[in-house]
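One structure below.
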Protein chains: 2
Amino acid sequence: MRVLIVEDDADLSRQLKSAFKDAGYAVDIANDGEEGHFLGDTEPYDAVILDLGLPLIDGVSVLQKWRADGKTFPVLILTARDQWSEKVAGFDAGADDYLTKPFHVEELMARLRALLRRAAGHTTDTIELGDLMVDNRAARAFVDGMAIKLTSHEFRLLSYMAAHKGRVISRTELVEHIYDQDFDRDSNTIEVFVGRLRKKIGTERIETVRGLGYRLLDPESENTD
Amino acid sequence: MRVLIVEDDADLSRQLKSAFKDAGYAVDIANDGEEGHFLGDTEPYDAVILDLGLPLIDGVSVLQKWRADGKTFPVLILTARDQWSEKVAGFDAGADDYLTKPFHVEELMARLRALLRRAAGHTTDTIELGDLMVDNRAARAFVDGMAIKLTSHEFRLLSYMAAHKGRVISRTELVEHIYDQDFDRDSNTIEVFVGRLRKKIGTERIETVRGLGYRLLDPESENTD
DNA sequence: CCTGCCCCTGAACGGTTTCTGAATATAATT
DNA sequence: AATTATATTCAGAAACCGTTCAGGGGCAGG
């Protein structure tokens, strides 16, 4: 983890740098708003600690610039005591947290951990198979970046197959996973859905394994020959 | 957005509930740690405000239990002044932010907005979807710069959908997040609200995904065809 | 304290999409 | 070529959704 500290009080920044290094972070220091802005813009930090009272450019402006440029790293701002209106301004500029000076270093560390933990909570909900992408969170599928319109059962089918891509999946298994309990399956609904799905995402993507079921092909891991 | 407040001071919790309702949130109150723990475990909150000094079970324990159970909603803890060691314990138990009593309600709101915003992956209080803008801070919406008159529930609906733009949101999820506890969802109020909202912001902005729910379109990221 | 207004709720109805199941056509296997 | 498995097509049925409306409740202004 790499952290940027933008702070003009040299004593404080040195102290913080030392404490953070001990805790296992890589730390950069900027002594004024200009330098801070430049570093934040050009280096890939995991988090930033930003003093609001800075020479050259003030902290809120630096933060606004970063956010306007699409920087998303978590930012913890440091403010003087009893400046709660300033804190609110900082939040509205896109800060994720703040701390009032003076503070205990231990508390700053705890807050930083909380921010990093939170930022890491990203789990991708999408599955890609060549130029086919299945987005389970949005309940959509894309071919070549183009959204495909699928009905709810079509999507369920695709989603399940995508989660088990490359494997042969029996009709029974499909039925069990895309329908709830009571479904009277002496009908050919699965074949019908596979047909409709093929029409929408391309026939060749779903392979029929005669006597066993279907297989959704994953171009990444095909050793076809 | 639906919020849980766990606070034993009845005056304070009543005051907060009223302020939050005015700001367009659905709010539940728990008066002690036990009730708070139960509600947080069983209801899908978007955020929780948790007092650390509570009857029956203390706040830190409640939080630990939630996190151990895999609850990920953002939690803002309230502490008495100068109890910073308690705050650190709260952070390590998985809190996302804290506020020291006494505080300005306005500041609590700003912090809550920041938490919700962060949970939604945004950095500002306003969300734009083409020429539709949702301002969560002012609880207003604009189309083409013109303010739209929305009732409180219409706004809640829009706000929640905007926070999850591009994603399909089920009716159940909508009901759970725009109403507080006691609501008998054997009705079609959601459809009614969606209808009214469409009439105000334009029908085409909310896509119906049959069998799944609704999706608020984000023109920035549509490659539909 | 009362009145009027606005908003929310819940139900009914009608139109539309989607699902199902069967019939028919095509492909694979022996 | 016969047999079996899978595809395709289609129509009726079911599920789903949009709309409308009346009743009721809360809030603000009188």
Side-chain angles (χ1 to χ4, degrees), chain A residues 139 141 148-161 168-216, chain B residues 2 17-19 21-22 24-27 139-141 148-158 160-161 168-216:
Chain A
I148 307 293
K149 218 181 150 220
L150 296 176
T151 70
S152 114
H153 281 211
E154 285 162 6
F155 183 79
R156 278 192 231 175
L157 180 67
L158 176 59
S159 169
Y160 187 81
M161 294 186 81
V168 176
I169 307 169
S170 71
R171 274 160 248 282
T172 311
E173 183 178 349
L174 286 174
V175 167
E176 281 170 349
H177 285 269
I178 72 179
Y179 289 102
D180 33 27
Q181 291 161 340
D182 29 64
F183 180 70
D184 180 18
R185 195 242 171 266
D186 10 296
S187 153
N188 62 343
T189 50
I190 294 296
E191 284 89 338
V192 173
F193 280 123
V194 169
R196 291 212 260 257
L197 200 50
R198 277 177 170 154
K199 206 169 276 170
K200 293 185 180 179
I201 67 172
T203 313
E204 72 292 347
R205 285 201 164 82
I206 301 176
E207 181 189 4
T208 301
V209 182
R210 203 181 162 82
L212 293 176
Y214 298 97
R215 201 158 71 88
L216 186 61
Chain B
R2 184 168 165 196
K17 178 165 187 169
S18 143
K21 285 216 154 184
D22 289 350
Y25 299 99
V27 184
R140 297 164 54 128
I148 306 293
K149 216 183 149 218
L150 295 176
T151 69
S152 111
H153 281 215
E154 285 163 7
F155 181 77
R156 280 190 219 177
L157 182 67
L158 178 59
Y160 189 82
M161 294 187 82
V168 175
I169 307 170
S170 70
R171 271 161 251 282
T172 311
E173 184 177 345
L174 286 174
V175 167
E176 284 173 345
H177 286 268
I178 72 180
Y179 290 102
D180 36 34
Q181 267 184 300
D182 22 68
F183 180 73
D184 178 17
R185 78 151 94 54
D186 250 13
S187 154
N188 64 343
T189 48
I190 295 296
E191 284 90 336
V192 175
F193 281 123
V194 168
R196 292 212 259 259
L197 201 50
R198 276 178 170 153
K199 208 168 275 172
K200 294 185 180 178
I201 67 171
T203 313
E204 71 292 347
R205 285 202 165 81
I206 301 177
E207 181 190 4
T208 300
V209 183
R210 202 157 227 270
L212 293 176
Y214 297 97
R215 200 160 70 84
L216 186 62

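Below, chain A is the first sequence line, B the second, and so on; all start at residue 1.
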Checklist entry - Can a side chain N or O of B:K199 be found less than 4.0 Å away from OP1 or OP2 on D:dT20? => result yes
Item to check | OP1 or OP2 of D:dC16 under 4.0 Å from side-chain N/O of B:Y214 | outcome: no
Item to check | Protein proximity profile, nucleotides 22-29 of chain D - base contact B, sugar-phosphate-only contact S, no contact -, cut-off 4.0 Å on heavy atoms | outcome: --------
Next on the checklist: B:T208: which residues meet the side chain to side chain donor-acceptor pair (under 3.5 Å) condition with it, sequence neighbours left out?
Outcome noted: B:R198
Checklist entry - Which residues pass the salt bridge (Lys or Arg N to Asp or Glu O under 4.0 Å) test with A:E154, sequence neighbours left out? => result A:R196, A:K200
Next on the checklist: Can you work out whether A:L150 or B:K149 has the more 5'-proximal nearest nucleotide on DNA chain C?
Outcome noted: B:K149
Checklist entry - Hey, what do you get for CG (A:L158) to CG (A:L150), rounding to the nearest 0.5 Å? => result 6.5 Å
Checklist entry - Separation of B:F193 atom CZ from D:dT19 atom C1', in whole Å? => result 15 Å
Item to check | Whole-Å distance separating the NE2 atom of A:H153 from the C1' atom of C:dT18 | outcome: 9 Å
Next on the checklist: Under the rule for side chain to side chain donor-acceptor pair (under 3.5 Å), what residues qualify as partners of B:R2, not counting sequence neighbours?
Outcome noted: B:D28, B:E43
Checklist entry - Within less than 4.0 Å of OP1 or OP2 of D:dT8, is there a side-chain N or O belonging to A:R198? => result no
Checklist entry - In chain order, what residues pass the side chain to side chain donor-acceptor pair (under 3.5 Å) check against B:H153, with sequence neighbours excluded? => result none
Checklist outcome for this item: A:I206 CD1 to D:dT6 C1', in whole Å, measures 13 Å
Checklist entry - Listed by chain and number, what are the ring pair (Phe, Tyr, Trp, His ring centres under 6.0 Å) partners of B:Y214, not counting sequence neighbours? => result none
Checklist entry - What's the verdict on side chain to side chain contact (heavy atoms under 4.5 Å, CB included) for B:R156 and B:F193, showing C-alpha distance, side-chain angles and the deciding distance? => result CA-CA 10 Å; B:R156 280 190 219 177; B:F193 281 123; over 6 Å; no
Next on the checklist: Whole angstroms only, please: what is the CG-P distance between B:L212 and C:dT18?
Outcome noted: 11 Å
Next on the checklist: Among residues at least two apart in sequence or on other chains, which ones pass salt bridge (Lys or Arg N to Asp or Glu O under 4.0 Å) with B:R171?
Outcome noted: B:E191
Next on the checklist: In whole Å, I'd like the distance from the CG atom of B:L197 to the C1' atom of D:dT19.
Outcome noted: 15 Å
Checklist entry - Who are the ring pair (Phe, Tyr, Trp, His ring centres under 6.0 Å) partners of A:F155, not counting sequence neighbours? => result none
Checklist entry - CG of A:L216 to CG of A:L197: how many Å apart, nearest 0.5 Å? => result 8.5 Å
Checklist entry - Of the nucleotides C:dG10, D:dC17, D:dA7, which one has an atom closest to the side chain of B:T189? => result C:dG10
Checklist outcome for this item: Applying side chain to side chain donor-acceptor pair (under 3.5 Å) to B:T189 and not counting sequence neighbours gives none
Checklist entry - Can you check the B:L174 CG to D:dC17 C1' distance for me, whole Å? => result 14 Å
Item to check | Distance in angstrom units between B:R171 CZ and D:dA15 P, rounded | outcome: 15 Å
Next on the checklist: Measuring to OP1 and OP2 of C:dC19, would you say a side-chain N or O of A:T151 lies under 4.0 angstrom away?
Outcome noted: yes
Next on the checklist: I'd like to check the side-chain contact (heavy atoms from CB on, under 4.5 Å) partners of B:V168; sequence neighbours left out, ordered by chain and number.
Outcome noted: A:A139, B:V209, B:L212, B:R215
Checklist entry - Going 5' to 3' along nucleotides 22-30 of chain C, which nucleotides have protein heavy atoms under 4.0 Å from the base (write B), which only from the sugar-phosphate (write S), and which from neither (write -)? => result BB----BS-
Item to check | Gap between atoms CD1 and P, on B:I190 and D:dG18 respectively (whole Å) | outcome: 12 Å
Item to check | End axis versus end axis in the helix from C:dC1-D:dG30 to C:dT30-D:dA1, the angle rounded to 10°, five pairs used at each terminus | outcome: 40°
